[in-house]
Amino acid sequence: MPKTRKEYTGADRKTVEKNFCAKKILVCGMGHDEYNRISACETAKEIWEALQMAHEGTTQVTQSKIDMLTTEYELFRMNYDESIQDKHTRFTFIINELHLLGETITRNKLVRKILSILPSSWESKVNTITETKDL
């Protein structure tokens, strides 16, 4: 049962004040479209959860994204007519997206993956790097 203003204790007043400040900070930092998403929310927690859902999705959606990107990483190959720079850009995009979702891949695994997908013309360089075992 909600309290009337007269029934508020000092702690209740502080809680209401903190909620108001948090809501103000969240609302002031968003545009019109974002505001429309959260305009019906009454607490800062509700606003935060609505924004989180809109931008990150549910944990199932996040896990699905991670699974999709992991598969893309595992199946990653250099296209026939692709430059090393273009390949690196695509690869970095996948790794960055995984990192943003909380999945990290060790540098050693990343280097080995890159070496494994280089074209055969790079074979001598790959062998030299692999033999040094200083990945």
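Computed over heavy atoms, backbone and side chain alike; hydrogens, waters and symmetry mates excluded.
- The nearest pair of heavy atoms linking A50 to I38 is CB-CG2, 3.9 Å.
- D67 and T70 are not linked by any side-chain donor-acceptor pair at a separation below 3.5 angstrom, with hydrogens and angles left out of the test.
- The CD atom of E17 sits 10.0 Å away from atom OG1 of T15, with the distance rounded to the nearest 0.5 Å.
- Within the model, atoms CG of L100 and CD1 of I66 stand 11.0 Å from one another, a figure rounded to the nearest 0.5 Å.
- Side-chain heavy atoms closer than 4.5 Å link hydrophobic residues (I, L, V, M, F, W, Y) into clusters, and following such links, even through other members, never connects W48 to I25.
- Considering CD of E72 and CD1 of I94, their distance stands at 4.0 Å, rounded to 0.5 Å.
- In this structure, CE in M68 is found 8.5 Å from CD in E97, a value given to the nearest 0.5 Å.
- Cluster annotation: I117 and I95 are assigned to the same hydrophobic cluster (Ile/Leu/Val/Met/Phe/Trp/Tyr, side-chain heavy-atom contacts under 4.5 Å, transitive).
- Taking the side chain as every heavy atom from C-beta outward, L115 and K125 never approach each other to under 4.5 Å.
- Residue C41 comes nearest to I47 through the heavy atom pair CB-CG1, 3.5 Å, listed as atom of the first residue, atom of the second, then distance.
- Within the 4.5 Å cutoff, the side chain of N19 has no heavy atoms near those of the K45 side chain.
- Side-chain atoms of T43 and K23, non-hydrogen and from C-beta on, never get closer than 4.5 Å to each other.
- A donor-acceptor distance shorter than 3.5 angstrom exists from the side chain of E46 to the backbone of E42, with no hydrogens or angles considered.
- Nearest heavy atom pair, residue L101 against residue L69, reads CD1-CD1, 3.8 Å.
- The closest donor-acceptor contact from the side chain of E82 to the backbone of N79 lies under 3.5 Å.
- In this structure, K113 forms a cation-pi arrangement with Y73, its terminal cationic atom sitting closer than 6.0 Å to the ring centre and no more than 45° off the ring axis.
- Applying the 6.0 Å contact sphere to CD of E7 captures more than 12 heavy atoms from other residues, nucleotides or ligands.
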Apply the test side chain to side chain contact (heavy atoms under 4.5 Å, CB included) to residues K65 and L98: give CA-CA distance (whole Å), side-chain angles for both, the deciding distance (0.1 Å), then the verdict.
CA-CA 8 Å; K65 287 178 185 178; L98 280 167; over 6 Å; no
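- K87 places a side-chain heavy atom less than 4.5 Å from the side chain of L118.
- Contact between E34 and R37 at its shortest, heavy atoms only, is OE2-NH1, 2.8 Å.
- Rounded to the nearest 0.5 Å, atoms CZ (F91) and CZ (R77) are 11.0 Å apart.
- To the nearest 0.5 angstrom, L26 atom CG is 6.5 Å from L51 atom CG.
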